[in-house]
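See below for the structure under consideration.
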There are 2 protein chains.
Amino acid sequence: MAASRRAPARRKRPDAYHHGDLRRALVGEAVRTVEAQGIEALTLRAVALRLGVSRTALYRHFADKGALLGAVAAEGFRTLRAALVGAWEAEGRGRKGFVAMGEAYVRFALDHPSHYRVMFGGFALPPDPALADPAGSAFQALVDALVEQQERGEVRDDPPLMLALHVWSLVHGVAMLALDGQLGAGGPPPSAVTQFALERLLSGIEVGVKR
Amino acid sequence: MAASRRAPARRKRPDAYHHGDLRRALVGEAVRTVEAQGIEALTLRAVALRLGVSRTALYRHFADKGALLGAVAAEGFRTLRAALVGAWEAEGRGRKGFVAMGEAYVRFALDHPSHYRVMFGGFALPPDPALADPAGSAFQALVDALVEQQERGEVRDDPPLMLALHVWSLVHGVAMLALDGQLGAGGPPPSAVTQFALERLLSGIEVGVKR
DNA sequence: ACCTGAACACCGTTCAAGT
DNA sequence: ACCTGAACACCGTTCAAGT
């Protein structure tokens, strides 16, 4: 039955029924399509065809296209969170780690532009409130890093939620403008803008002179 | 001929040909539709129908739907620029005026969410390089305000382009997150986030202690 | 339960033809 | 030049039917 020792899971099994985890397979194929060909190339028909499944099989697992896009977005937020936490911990959980976190954020957006648009472009349906919220979880990683720095007296004692929204806004803004090519026209490269922005950001939220 | 003294330009003239400025009319109707019903409600067929014109008349003026969306976006950038310059001048071209400018930016996005998405969502085609670039023109208003403050010694002597991208990223990020409802869930209102962000931003770019 | 095949309503775009 | 009407290829979604 479980012939788990063959080639690394090709496409399109000849089985009549796609037994097992069709839901997962649908999300995976949708993510691949979005990453490789962009949002507008993502049609439900193409996804089904590529999985060797009927066009309507999808509706057993998702209410509509928006729900599928919601799952694609959720997948993106999980990857993003891992990248953020990874950078923060690899660079020492201090100022340097925080800058690395910001850079990792922008890099994620530039490395996965279409996926990032699905996450923030208003296509995806809001997640089921009953389920874990991957977007909130990614955001929480940022809040945690700020609180940790506050406890060490490295960051201003403002409400962490406010600080986190401030930081998120900045990196999200840089990422979006870079994706839109609004930075590109002869101007400085995204990495330079990111570094400058994070530098100025920190000088605005670090503990320092009162004003 | 020019019966310019009738009712304020109803819809759907009974004329066989839509003489005059069909291009303008198309953009206007598209903007109205986007503002009132959202992006996904904007179909070329509906726009044509509402103007009492054939479905294909549009192709005499625009290459495709993306080009029409480009014109819609351009219209948005012109309005945005006017709002920014208005706030800057009305509040005294100083720190207060600059904060007002930032608030005006976020307010524009919140007042015209769908239009704003057209401007930044990657739907619109890039503008004809030969034509004036309304997005660049709106951005220039920001650069000008920063240079003016630098000349008065109120803002750090960093490259104005860099500073402007930094500021734009921040307000754009706040606007996008608010539009996505990512700020909404029990958190502080967008106006509070905007004010906090601008406060911290200024403390990061104003002339002050070296660090 | 899960999947299928045919059908429906809708879309952007093309093109030969009209004035 | 500018506009029209019919047609094409494509899409998301529904639904009765199969196993």
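Because the structure is a prediction, the values reported are computed rather than measured. Within every chain, numbering begins at 1; the chains are lettered A, B, ... in the order of the sequence lines, protein sequences first and strands thereafter. The figures here come from the full heavy-atom set of this structure, side chains too, leaving out hydrogens, waters and symmetry mates.
With rounding to whole Å, A:Arg45 atom CZ is found 12 Å from C:dA9 atom C1'. To the nearest angstrom, C1' of C:dC2 lies 9 Å from CG of A:Leu22. Atom-to-atom, CG of B:Leu69 to C1' of C:dG12 comes out at 12 Å; the value is rounded to the nearest Å. Protein atom CG of B:Asp64 is 17 Å distant from nucleotide atom P of C:dC11, rounded to whole Å. Between the P atom of C:dG12 and the CZ atom of B:Phe123 lies a distance of 14 Å, rounded to the nearest Å. Between the P atom of C:dT13 and the CG atom of B:Leu58 lies a distance of 9 Å, rounded to the nearest Å. Distance CZ (A:Arg23) to P (C:dC3): 13 Å, rounded to an integer number of Å. Atoms OH (A:Tyr59) and P (D:dC15) sit 12 Å apart, rounded to a whole Å.
In this structure, D:dC10 forms no base pair with any nucleotide, since neither Watson-Crick nor G-U wobble geometry is met with both distances under 3.5 Å. The partner of C:dC3 cannot be assigned: no Watson-Crick or G-U wobble pair with both contacts below 3.5 Å exists in any strand.
Backbone-only engagement by A:Thr43 is indicated by non-hydrogen atom pairs under 4.0 Å involving sugar-phosphate atoms exclusively.
In this structure, A:His115 and A:Val31 have side chains that are in contact, with non-hydrogen atoms separated by less than 4.5 Å. The closest side-chain heavy-atom distance from B:Arg156 to A:Arg200 is below 4.5 Å.
A donor-acceptor pair under 3.5 Å is formed between the side chain of B:Arg117 and the backbone N or O of A:Gly121.
Using cut-offs of 30° and 60° for the angle between ring planes, the B:Tyr105 and B:Tyr116 rings count as perpendicular. Relative orientation of the A:Phe98 and A:Trp88 rings is perpendicular, given thresholds of 30° and 60° on the angle between their planes.
Annotation: of the two residues near DNA chain C, B:Lys65 and B:Arg60, the 5′-most nearest-nucleotide partner is B:Lys65. Of the two residues contacting DNA chain C, namely A:Arg55 and B:Leu44, the nearest-nucleotide position lying further toward the 5' end is that of A:Arg55.
The side chain of A:His61 contributes an N or O atom lying less than 4.0 Å from OP1 or OP2 of C:dC3.
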